[in-house]
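The structure appears right after this line, and notes come after that.
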Amino acid sequence: MRILQLHCDKIEYTPTEKEIKSAEETDLATKKFDEIVVAFVAVEEGDDSSVAKKAIQEILESMNKVGCKKLLLYPYAHLSSKLASPNSALNVLKEMQSLAQGLDVSRAPFGWTKSFMIQVKGHPLAETSKIITAKDEDETSEAVKAESKIKSFWHIMTPDGIMHDFKDFDFSKHKQLEALSKYESDKKRSVDESSPHVKLMKKMAIADYEPASDSGNLRFYPNGRLIKSLIENYVSEKIREYGGIEVETPIMYDSHHPSMESYFNRFPARHYSINAEGKHLFLRFSACFGQFLMANDFQMSYRNMPVRLYEITRYSFRREQSGELVGLRRLRAFTMPDCHAFCKDMDQAIEEFRKRFELSRQVILGLGLEESDVEMAIRFTEDFYKQNKSLIQELVKKIGKPVLVEMWKEKFFYFILKWEFNFIDNLGKASALSTDQIDVENGKRYNIEYTDENNIPQNPIILHNSPSGAVERIIYALLEKAAADIKKGKKPEFPLWLAPTQVRIISVKPEFFNYCEGLADKISSSDIRVDIDERNESVAKRIRDSEIEWIRYTLVVGEKEINSEKLNVRDRKTGEVREHVFDEFIGEVKNETKNKPFLPLNMTRRLSLRPQIMV
RNA sequence: GCUUCGAUAGCUCAGCCUGGUAGAGCGUUACCUUGGUAAGGUAAAGGUCGCGGGUUCAAUUCCCGCUCGAAGCUCCA
């Protein structure tokens, strides 16, 4: 809504002719007013009661200031180019009129061409203009709002199964756990240091911010896409081995769909919303909805349970607070494997829960993280703990080091048990990777049913597992580990199976290029990513570049190699230069990458033909 | 989201305090060099100093707003 507001000595207007069919009925007499505030109003698309209310409020405030009690609302279309329809505009104007109680309010007829004469006072507040828009609805979910009211009790559980009071626990040998617990966290960190992985994600041409999108929606360069694909493939493979069945579900949902509204209010995340064709859609924050709605349509018997549905969600969206976003650690759009197991009862759920705990551990280690890189937190309701103490002790024992425990007096979310593995980075920041939850609510909420042994329909217990956590976050963790190595004076590296280039060939002279091409063909036929640096640079310079790109193996090809048919292999990891016969070398690379997925080089093979993406 | 800080060439940064429209290194391009395990040489191109407004004769420089980013708070995959 746009308003031009004038404090007048006098105004008079005369309706001359109807401008639109739906013009209000009115008499054609001239109306005169003295000592009055005139508000010329253009009602715009989307203006509603809240706008009417706000507008009147603002008008009242300014009228108080100038000490005037008479108001004339004057429909004036020319203030805006995106007008509301005449019907809704008239309604809004009428609403404004009725809202302006305690004033002497008049309203000029709507839909008429009018002639008018006006005399405006000369004081500074006599002429003002206002633009009023509907304020953003507060769509924060109830769960987000309620989160701050949760009562939790914090403990540390040691591998012997003993719960220690949080305050009394000696963290001196468990600095990472301390960081996770935020207990006396070191507040004097070097302030100027920014998250090291952000620099590396750019330098290694993995990902970058995209200012033209929303914050937290990143672009992934060829290296980043390749690494993401490899991680996605690896996790998917592991989940398939465990018994997960891959599905695909939509990324947006109608927030007024009956099963959505309540779930929405039980999930503690802010969401993106999209209005299209009168529907109010929101972007998923996980695969939960999609898989629940799908399971709802399945016919299931107790014999089928557990049913395990899996999706790699590209993307899941969470509209995190802008100040929380950092590089690949915290995003608004991220890729997350999400695997739900629908179980017939608590016994089965717990059995399944154990399997997924092992799966998650295996996946984290397979991705190149170590047990010492992650700290576990486990959260549960007091009731669940009383009934399942031994399960929790068993999990902590497997981890073999103290674990952070949060106990809720009563069930707060839809789950009664949840654990995560948290990665602690160079700045002492903790981020959750793998997680699993026991959900006792959504089976009912989504009316997911299976038929039990007695032919009675039952709602399953649902487990929500992400064995790796967000894929981007895995890359973040690997980069942070690399940054830690740099700090320690060690060479940073990727696990070989994730390296964008695994082998680089450098030809000493241009004449050898054809030979190099043949060699590269041979190597890549064994599923190894190999490229060729044939740029017009010195060998030393090209070796240096290979080092800077963290390339594990560099093969220098000159007369000697061509004549001897032996490979000259520079191994960046050990720093030595070795001679290998071809098969021996291939064997070494394949051995280092065994049981891991492979994808071909995601770049032009010849360096001289490549665009340069980062320094 | 809030508080504090920042944005200058593709990248990393200097200049700004004390206003008079810019510099380096790397990278890019061209030429020379035909190389043996972490930087061969010469030259050139490349900037509406994040965007918008204000102050001023004059703004990259001072002030305000916005956008994007960083740290902290809070939170999570």
Side-chain angles (χ1 to χ4, degrees), chain A residues 140 144 147-148 182 185 187-195 198-199 202-203 205 208-216 267-270 285-287 313 315-338 360 377 418 420-423 427-437 464-474 476-477 491 504 506-512 534-549 551 554-561 568-572 575-578 611-615:
Chain A
T140 310
V144 172
E147 215 167 17
S148 53
K182 288 198 180 153
S185 66
K187 281 176 188 150
K188 283 189 182 169
R189 304 184 185 115
S190 46
V191 183
D192 296 328
E193 197 177 2
S194 63
S195 197
V198 176
K199 269 183 201 160
K202 297 181 186 190
K203 208 178 138 202
D208 205 349
Y209 297 114
E210 174 51 79
S213 181
D214 187 37
S215 310
F267 197 97
R270 291 161 224 270
F285 8 97
S286 66
T313 63
Y315 291 107
S316 287
F317 296 91
R318 299 188 188 175
R319 225 194 62 240
E320 306 294 358
Q321 299 185 70
S322 56
E324 291 167 351
L325 303 168
V326 197
L328 293 170
R329 181 162 83 83
R330 196 95 194 272
L331 299 160
R332 283 182 170 173
F334 58 95
T335 308
M336 176 179 66
D338 202 359
S360 303
K418 174 190 182 185
E420 326 101 39
F421 293 148
N422 291 278
F423 177 82
L427 302 179
K429 284 283 199 178
S431 316
L433 297 173
S434 327
T435 179
D436 202 4
Q437 303 166 359
H464 300 233
N465 176 220
S466 185
S468 62
V471 172
E472 294 82 357
R473 202 169 260 190
I474 294 290
Y476 142 79
K491 283 183 182 176
R504 171 156 296 169
I506 293 176
S507 61
V508 175
K509 289 181 184 171
E511 301 90 278
F512 308 145
E534 25 64 286
R535 293 173 305 162
N536 182 14
E537 299 287 352
S538 66
V539 171
K541 170 71 184 266
R542 287 179 283 163
I543 296 274
R544 178 182 151 81
D545 285 346
S546 178
E547 283 279 347
I548 288 170
E549 287 180 55
I551 294 169
T554 305
L555 312 184
V556 176
V557 173
E559 271 136 2
K560 220 165 67 189
E561 288 68 31
N568 176 299
V569 180
R570 181 191 162 96
D571 184 343
R572 176 170 176 272
E576 28 170 41
V577 177
R578 304 190 298 252
Q612 189 185 302
I613 297 176
M614 288 287 154
V615 183

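Convention: sequence-line order gives letters A, B, ...; per-chain numbering from 1. The figures that follow rest on heavy atoms only: side chains count, while hydrogens, waters and symmetry mates do not.
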Under the salt bridge (Lys or Arg N to Asp or Glu O under 4.0 Å) rule, collect the residues that match up with [X], sequence neighbours excluded.
X        : value
A:Asp214 : A:Arg332
A:Asp436 : A:Arg356
A:Arg473 : none
A:Lys199 : none

[X]: which residues meet the side-chain contact (heavy atoms from CB on, under 4.5 Å) condition with it, sequence neighbours left out?
X        : result
A:Glu210 : A:Ala212, A:Ser213, A:Arg219
A:Ser466 : A:Met336, A:Pro337, A:Thr435
A:Arg544 : A:Ile548

Secondary structure of RNA chain B in dot-bracket form (Watson-Crick or G-U wobble, distances below 3.5 Å, | marking inter-strand pairs): (((((((..((((......[..)))).(((((.......))))).....(((((..]....))))))))))))....
Scan [X] against the nucleic acid and name what it touches under 4.0 Å (heavy atoms): base, sugar-phosphate only, or nothing.
X        : result
A:Glu561 : base
A:Glu559 : base
A:Asp338 : nothing
A:Leu325 : sugar-phosphate
A:Ser316 : nothing

Using the P atom on both, measure B:A58 against B:G1 and round to a whole Å.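 Pairwise P distance, B:A58 against B:G1, rounds to 37 Å.
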Does the side-chain ring of A:Phe334 sit on the six-membered ring of the B:A77 base, less than 5.5 Å centre to centre and under 30° in tilt?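 So yes, this residue stacks on that base, both cut-offs being met.
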Tell me: [atom1] of [X] to [atom2] of [N], nearest whole Å?
X        : N     : atom1 : atom2 : answer
A:Gln437 : B:A77 : CD    : C1'   : 10 Å
A:Leu427 : B:G72 : CG    : P     : 6 Å
A:Lys429 : B:G72 : NZ    : P     : 5 Å
A:Arg504 : B:U37 : CZ    : C1'   : 14 Å
A:Arg329 : B:U74 : CZ    : P     : 13 Å
A:Arg332 : B:C68 : CZ    : C1'   : 12 Å
A:Asn422 : B:C75 : CG    : P     : 13 Å

Comparing A:Arg330 and A:Gln321 on RNA chain B - which has the more 5′ nearest nucleotide: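 The 5'-side residue here is A:Gln321.
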Return whichever of A:Ala470 or A:Lys199 has its heavy-atom-nearest nucleotide of RNA chain B closer to the 5' end.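 By nearest-heavy-atom nucleotide position, the 5'-most residue is A:Lys199.
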Nearest listed nucleotide, side chain of [X], among [options]:
X        : options             : result
A:Glu320 : B:G35, B:U37, B:A77 : B:A77
A:Glu324 : B:A71, B:G72, B:G1  : B:G1
A:Val326 : B:A71, B:U74, B:U34 : B:A71

Treating primed atoms plus P, OP1 and OP2 as sugar-phosphate and everything else as base, which nucleotides of nucleotides 38-49 of chain B get B, S or - for protein heavy atoms under 4.0 Å? BBS---------
Side-chain touch A:Glu534/A:Phe512, heavy atoms, less than 4.5 angstrom: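 No, side chains not in contact.
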Which heavy atom in A:Gly558 sits nearest to a heavy atom in A:Val508, and how many Å separate them?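 It is CA-CG2, 3.8 Å.
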Compare every heavy atom of A:Ser286 with every heavy atom of A:Thr313, then report the nearest pair and how far apart it is.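 Nearest pair, atom of A:Thr313 first, then A:Ser286: CG2-C, 4.4 Å.
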Quick one: is [N] close enough that its OP1 or OP2 comes under 4.0 Å of any side-chain N or O from [X]?
X        : N     : value
A:Tyr209 : B:A70 : yes
A:Gln612 : B:U28 : yes
A:Lys418 : B:A77 : yes
A:Ser322 : B:G1  : yes

Do A:Arg318 side-chain and B:C76 base share a donor-acceptor contact under 3.5 Å?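 There is none.
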